[in-house]
There are 2 protein chains.
Amino acid sequence: MASQSKEDYIKVLYKLEQENKVVSTNDIASFLKMKASSVSDMLKKLAMEEYIDYTKYKGAKLTKKGVSKALSIIRKHRLWETFLVNHLKFKWDQVHDIAEQLEHIDSDQLIDKLDHFLNYPKSDPHGDPIPGKNGEIINLGHTPLNELNLMDNGSIAAIKKGTPSFLQYMDKLGIELGTKIKVIDKIEFDKSLEIKIHNKSIHLSQEVAQNILIKI
Amino acid sequence: MASQSKEDYIKVLYKLEQENKVVSTNDIASFLKMKASSVSDMLKKLAMEEYIDYTKYKGAKLTKKGVSKALSIIRKHRLWETFLVNHLKFKWDQVHDIAEQLEHIDSDQLIDKLDHFLNYPKSDPHGDPIPGKNGEIINLGHTPLNELNLMDNGSIAAIKKGTPSFLQYMDKLGIELGTKIKVIDKIEFDKSLEIKIHNKSIHLSQEVAQNILIKI
DNA sequence: TTAAATATTTAGCCGTGTCTAAAAATTTAT
DNA sequence: ATAAATTTTTAGACACGGCTAAATATTTAA
C-alpha cells in the first residue's frame, strides 16, 4: 500500500490533471502547501513505483495504475462522506477533514460493505459522482450555473467547491441539492447573474456561479 | 495529537498494566514485536509528553493523562467494532484489524455521533465494555468460565481473547454472546471442564475456559 | 557475595518525508 | 540570441520511528 503521503500526492495529481494536461512541480507544491523541493523528491519516488510518468523539468502525469489508485481514494472519500452525512447526521460542510482521514483506511472488504450499507450511492452529499469499484465514473452531465442562458431552468446538481465556507454560503442562500432555479438576468459587465430560487431572486458573482453545477 | 505509533504504545501499556503493576521494556517489545531498544527510545518520549511515569531500568506506568488517552483509544476501537459488526455485517472475527486502523481517526465529534448512531452501546461485539466519553468503564462483573463451580449455570458474556482463530473456534463450538451454559464436569487433573451448551456436552481446556467470561 | 545470565539503555545507522540554500534547466523578455 | 526571471532539481540537514551492536544495570544462581 502507498503511504498516506503518497496517496495525498496521487489525489492532487488527479485533481490537477482534470484542469491541465501535465502537472507541474510548483502546482503540486502550492496545492499541498509544501516546498517544490519536497515535491520533486516525491515525484521521483512515485515514478519509481509507476504511479506517474515523470521526466525531470517536464512535469508529471498519472499512469493507468496511478489513475486507478486516485479513483479508489476518491471512491473511499466520497463513500465516507455519504456515510457521515446520511447516517451520522453531519452537515455537508463538516465532513471533508474527517473523510480525508478515513479515505486512507486500507480494507477493500470494508469499502465493499460500506457501499452496500449505503445502498450503492452514485453521488456524494455535494453531488460529486462516486467512482465504482473498478474506477468507472459516471458523467452526470452537469453544467456550471454561469453557462446557462437567460430564462433557463434547472436544479442544483452539485457544488464543485467543497470548502466549509463556500458550503456555508450555499446554506445561507438556501441552495441545496435538488433546489430548482431559473436564470432571470445575466449581467454582461461582470458576468454575474440573477437567479430565482425558492421564489426569491438572488444575485451571484461569476466566481460563485462557476462552482454551482446544474442539471437542466 | 499523539502519533499512531505512540497511541499503539499507550494501548499496550494499558493492556499490560491490567495484568502486572509496572510494565517492563521487554514486555512491550515482545507484544509489539519490536526491539527493546526501540521501546526504550519511545518510553523516553512518552515520559517527556507525560503519558507515562518512567524511571530508567524500572519500567513504565501510565499517568492519569496516559490512562485517559488509552481509554479514549479503546472507546474508539470498540465503537468502530460495534459499527462494523452491527451495521456493516462483518463477522466478529474479522473486525479487529480494521478497527485497529479506525481507532486512530482523530475527531471527537465523529465519535460522539457514532456513539449516538449506535445507540450508546455498553459493550462491543466480543462483550468487552466500551469506555464512556469521560473514561468511565463499567464493571460488568463477569467470571472466567474456569472459575465456575460444578453445576453452575450462566450465559456467555464476553470473549476475552479476541484473535480471529479463537473466535472461529468459538463459532465452531456454537458459542456466542448470550448462549446459556452449565458446568457439568470439572476435571481436576488438567483443570479442563465439560459444559452443556445447546443441549450438547462439550469439553474445554483450561486455557480456553479462561478466555470465556460468564454472567452467572 | 560474586560471577553469570538477563534486561535495559546508549550509540550509531537507516528509510521516510519534510525543509533551506544553492545549482541547474527552462522560459520569458529585451 | 542572449540576458534575466522563473522553475525545478540537487545537496545537505532534521525529526520520527524503526534497527543492530555494544555498553551498562539488574537479577539470579553458584
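Throughout, a chain's letter reflects where its sequence line sits, starting with A, and its residues are numbered from 1. We use all heavy atoms of the structure for the numbers below, so side chains are in, but hydrogens, waters and symmetry mates are not.
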Report the distance from atom [atom1] of [X] to atom [atom2] of [N], rounded to the nearest whole Å.
| X | N | atom1 | atom2 | result |
| --- | --- | --- | --- | --- |
| A/Leu43 | D/dT10 | CG | P | 11 Å |
| A/Tyr54 | D/dT10 | OH | C1' | 11 Å |
| B/Lys44 | D/dA15 | NZ | P | 15 Å |
| B/Leu32 | D/dC19 | CG | C1' | 15 Å |
| B/Asp8 | D/dC16 | CG | C1' | 14 Å |

Legend entry - Selection residues 123-148 of chain B - residue pairs positive for salt bridge (charged side-chain N to carboxylate O under 4.0 Å, His left out), sequence neighbours left out: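 Checked against salt bridge (charged side-chain N to carboxylate O under 4.0 Å, His left out) - neighbours excluded - the pairs reaching residues 123-148 of chain B are B/Arg78-B/Asp124, B/Asp112-B/Lys133.
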Next on the checklist: With a 4.0 Å cutoff (strictly under), does any side-chain N or O of B/Asn26 reach OP1 or OP2 of C/dT6?
Outcome noted: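 The answer is no; no side-chain N or O of B/Asn26 sits under 4.0 Å from OP1 or OP2.
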Quick tally for nucleotides 15-26 of chain C: nucleotides whose base has a protein heavy atom under 4.0 Å get B, sugar-phosphate-only ones S, the rest -, giving --BBBBB--BSS
query = Between A/Tyr9 and A/Ile52, is a side-chain contact (heavy atoms from CB on, under 4.5 Å) present by the stated rule, with each step listed?
reply = CA-CA 10 Å; A/Tyr9 277 87; A/Ile52 59 174; over 6 Å; no
Tell me if a side-chain donor or acceptor on A/His96 pairs with a main-chain N or O of A/Thr163 at a distance below 3.5 Å.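 Judged by distance alone, no pair lies under 3.5 Å.
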Just one of A/Met42, A/Lys11, A/Met1 clears the side-chain contact (heavy atoms from CB on, under 4.5 Å) bar with A/Lys6, so which one?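 Result: among A/Met42, A/Lys11, A/Met1, A/Met42 is the only option passing the side-chain contact (heavy atoms from CB on, under 4.5 Å) with A/Lys6.
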Review point. Is it true that B/Glu207 and B/Lys161 have a side-chain N and a carboxylate O under 4.0 angstrom from each other?
Key: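 Judged by the 4.0 Å cut-off on N to carboxylate O distance, B/Glu207 and B/Lys161 do not form a salt bridge.
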With side-chain hydrogen bond (donor to acceptor under 3.5 Å, both in side chains) as the test, would you mind laying out the steps for A/Ser24 and A/Asn26 before giving the verdict? CA-CA 5 Å; A/Ser24 81; A/Asn26 262 357; 6.0 Å; no
